[in-house]
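The structure under discussion appears below in the form of structure tokens.
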Amino acid sequence: MILEALGSALLGIALSWAAVRRLPDRLPAPRVVYGTGTLGALFGAYLTHTALGSGYLLGTLLGALFVGGVTLSLLIRPEARRLRRSAAA
């Protein structure tokens, strides 16, 4: 269980790092992103471990990665668009 928790926390940090590097202008402060990714991955590991039981390390880590990615996707803001005026206005 400790390896699952440690592995899922590291996956959450790595996923957050990738999101901050890829989408810096569409995410809030990096501190929020790292916290959300890590906690999302830990919750995903807990949820998957509860559903599958012990002995499924790879499945638990995949569940952590999935839930961590979903929670990070909730932080993404839409792109800033310029207001366009129509020709009739």
Side-chain angles (χ1 to χ4, degrees):
M1 183 72 179
I2 291 176
L3 287 177
E4 291 173 350
L6 184 63
S8 64
L10 290 175
L11 280 175
I13 290 170
L15 193 61
S16 300
W17 176 80
V20 167
R21 297 265 303 162
R22 184 88 170 126
L23 303 167
D25 54 337
R26 295 182 58 192
L27 289 170
R31 186 176 183 177
V32 174
V33 175
Y34 284 115
T36 302
T38 305
L39 290 176
L42 284 171
F43 178 70
Y46 170 73
L47 187 69
T48 310
H49 180 80
T50 302
L52 296 178
S54 60
Y56 295 97
L57 179 64
L58 183 60
T60 301
L61 292 178
L62 286 175
L65 189 64
F66 179 73
V67 175
V70 168
T71 56
L72 283 176
S73 74
L74 295 174
L75 294 178
I76 297 176
R77 295 181 286 218
E79 291 185 43
R81 296 183 183 174
R82 295 182 183 172
L83 294 176
R84 297 182 186 175
R85 302 206 180 242
S86 64

Using atom types as modelled, flag every donor-acceptor pair under 3.5 Å from a side chain in residues 67-78 to any protein atom, sequence neighbours excluded.
| from | atom 1 | to | atom 2 | distance (Å) |
| --- | --- | --- | --- | --- |
| Thr71 | OG1 | Val67 | O | 3.2 |
| Thr71 | OG1 | Gly68 | O | 2.9 |
| Ser73 | OG | Val70 | O | 2.6 |
| Arg77 | NH2 | Leu27 | O | 2.7 |

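- Cluster partners of Met1: none. The rule joins Ile, Leu, Val, Met, Phe, Trp and Tyr whenever side-chain heavy atoms lie under 4.5 Å apart, and it links nothing here.
- Judged as a side chain to side chain contact (heavy atoms under 4.5 Å, CB included), and not counting sequence neighbours, the contacts of Leu57 are Glu4, Leu61.
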Donor-acceptor pairs under 3.5 Å, side chain of residues 33-45 to any protein atom, not counting sequence neighbours: which ones?
| from | atom 1 | to | atom 2 | distance (Å) |
| --- | --- | --- | --- | --- |
| Thr36 | OG1 | Val32 | O | 2.8 |
| Thr38 | OG1 | Tyr34 | O | 2.8 |

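- Under the side-chain hydrogen bond (donor to acceptor under 3.5 Å, both in side chains) criterion, no residue pair touches residues 11-25, with sequence neighbours excluded.
- Rounding to the nearest 0.5 angstrom, the gap separating the CG atom in Leu10 from the CG atom in Leu6 is 4.5 Å.
- Residues Leu47 and Leu65 are members of separate hydrophobic clusters, defined by side-chain heavy-atom contacts under 4.5 angstrom among Ile, Leu, Val, Met, Phe, Trp and Tyr.
- Grouping Ile, Leu, Val, Met, Phe, Trp and Tyr residues whose side-chain heavy atoms lie under 4.5 Å apart, directly or via other members, leaves Leu3 alone, with no other cluster members.
- Hydrophobic cluster membership for Tyr56: Leu52 (Ile, Leu, Val, Met, Phe, Trp, Tyr linked by side-chain heavy atoms under 4.5 Å, directly or transitively).
- With sequence neighbours excluded, the residues that form a side chain to side chain contact (heavy atoms under 4.5 Å, CB included) with Leu62 are Leu58.
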